[in-house]
Visitor: 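Quick one: this structure, given as structure tokens, is what I'll be asking you about.
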Amino acid sequence: MVVTRFAPSPTGYLHLGHAFSALSAFRSANGGTFFLRIEDIDSSRCKPEFTDAILEDLAWLGLDWPKPARRQSEHMADYAAALDKLKEMGLVYPCFCTRREIERDALRSGLAPHPEDGTVIYPGTCRALSKDERAARLASGEPATWRLDVEAAAKQAGPLSWVDRSRGKVEALPQIFGDVVLARKDVPASYHLSVTVDDALQGVSLVTRGEDLFSSTHVHRLLQALLGYDTPEYHHHRLLTDSSGKRYAKRDRSATLRDLRAEGKTPEDIVKMLF
Ligand code: GLU
């Protein structure tokens with residue numbers, strides 16, 4: 001039986017792109033289970049009113065899921081436990097760098113930014129700190145993010161792959177993002193960590209999400225191997241674009257389900273627009 005999910009972040013109203021993703025996942029459950037998960041760990045960006053709107057919009061669209069939906073903000077202990085396990089394995093380290101220091105060091109080291117999203121690859125400055133210096137700085141209360149030592153982790157895990165519905169077997173190359181952040185200074189879990197933990201805890205067998213998150217799967221596959229989780233199958237679906245070819249974004253009011261509903265569109269109209 002398929003277990004799949006739709007996992008929006010409540011940072012705005014759902015638009016047609018979300019409806020396509022949610023309905024694709026819902027349909028692929030095909031008699032199995034479809035979970036809704038609210039990814040609201042970042043309290044500076046997520047708002048409760050958007051969570052309420054997501055629940056309402058998806059119910060209006062005709063989707064149903066086991067209630068209550070899992071809200072990540074209520075499960076921080078699960079992510080902390082996974083991080084602790086990685087700490088015990090010696091595969092994460094505290095990073096005290098500011099954003100500005102990272103940019104400066106990355107420039108000096110000549111590291112190219114990430115080829116897909118242009119983000120700066122962490123140059124590894126704090127990986128080189130001694131055990132004693134780490135302990136002293138942590139003990140003094142200096143704020144730290146926790147980063148995965150991706151080279152060491154990949155070496156320990158050995159060769160990895162996953163099965164993608166549209167691309168077949170994909171070899172995992174987790175090094176593409178460098179030493180990713182698993183826990184932030186302000187939020188003690190990152191997207192990569194929380195999504196991997198939740199998919200495993202919820203027994204998700206098929207991860208349905210947009211093509212824009214394809215490269216994150218390289219990191220998630222490595223985390224699964226380190227944490228002893230099963231690997232789900234993946235379906236990274238195409239991203240919907242508007243009539244001018246632009247991807248829908250939360251700021252495009254015209255494409256939100258709320259506005260379409262206010263204009264008199266029915267759930268059937270939305271389905272016809274999408275499939
Ligand atoms: N919360 C993520 C987002 O809204 C999606 C996470 C996922 O499907 O893996 O972009």
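Each ligand, and each atom within it, is numbered from 1 in the order the structure gives. Basis for what follows: all heavy atoms, side chains included, without hydrogens, waters or symmetry-related copies.
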Visitor: Mind jotting down which residue pairs meet the ring-ring contact (aromatic ring centres under 6.0 Å, His included) criterion with at least one end in residues 66-95? Sequence neighbours excluded, please.
Guide: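 Those involving residues 66-95 do not exist here.
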
Visitor: Under 3.5 Å between any N/O of P8 and any N/O of ligand 1: does that happen in this structure?
Guide: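 No; the residue has no nitrogen or oxygen that sits under 3.5 Å from a nitrogen or oxygen of the ligand.
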
Visitor: I need the atoms of ligand 1 closer than 4.0 Å to a non-hydrogen atom of L213, numbered in the order shown.
Guide: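 The atoms of ligand 1 under 4.0 Å from a heavy atom of L213 are 5 (C), 6 (C), 7 (C).
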
Visitor: Look at R37 together with E39 and state whether they make a salt bridge at an N to O cut-off of under 4.0 Å.
Guide: yes

Visitor: Could you list which atoms of ligand 1 come closer than 4.0 Å to a heavy atom of V195?
Guide: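 Under 4.0 Å from V195, ligand 1 has these atoms: 9 (O).
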
Visitor: Mind checking whether R258 and E263 have side chains closer than 4.5 Å, heavy atoms only?
Guide: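 Not touching, per the 4.5 Å side-chain cut-off.
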
Visitor: Nearest heavy atom to atom 2 (C) of ligand 1 wins, so pick from S21, G12, A7.
Guide: A7

Visitor: Quick one: look at V207 and ligand 1, take heavy-atom pairs under 4.0 Å, and tell me if it's side chain, backbone, both or neither.
Guide: neither

Visitor: Go through the structure and list residues passing salt bridge (charged side-chain N to carboxylate O under 4.0 Å, His left out) with D230, not counting sequence neighbours.
Guide: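 Salt bridge (charged side-chain N to carboxylate O under 4.0 Å, His left out) check on D230 returns nothing, list empty.
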
Visitor: Which of these passes salt bridge (charged side-chain N to carboxylate O under 4.0 Å, His left out) with E211: R165, R247, R167, R238?
Guide: R167

Visitor: So is R5 polar-close to ligand 1, meaning N/O to N/O under 3.5 Å?
Guide: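 Checking ligand 1 against R5, an N or O pair does fall under 3.5 Å apart.
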
Visitor: Which of the numbered atoms in ligand 1 are under 4.0 angstrom from any heavy atom belonging to E39?
Guide: 1 (N), 2 (C), 5 (C), 6 (C)

Visitor: What part of Y191 sits under 4.0 Å from ligand 1 if we count only heavy atoms: the side chain, the backbone, both or neither?
Guide: side chain

Visitor: Show me which atoms of ligand 1 lie under 4.0 Å from any heavy atom of S9.
Guide: 1 (N), 2 (C), 3 (C), 4 (O)

Visitor: Which distance, rounded to the nearest 0.5 Å, do you find between the CZ of R70 and the CD1 of I38?
Guide: 12.5 Å

Visitor: Could you go step by step and tell me if T208 and H237 meet the side-chain hydrogen bond (donor to acceptor under 3.5 Å, both in side chains) rule?
Guide: CA-CA 7 Å; T208 310; H237 58 71; over 6 Å; no

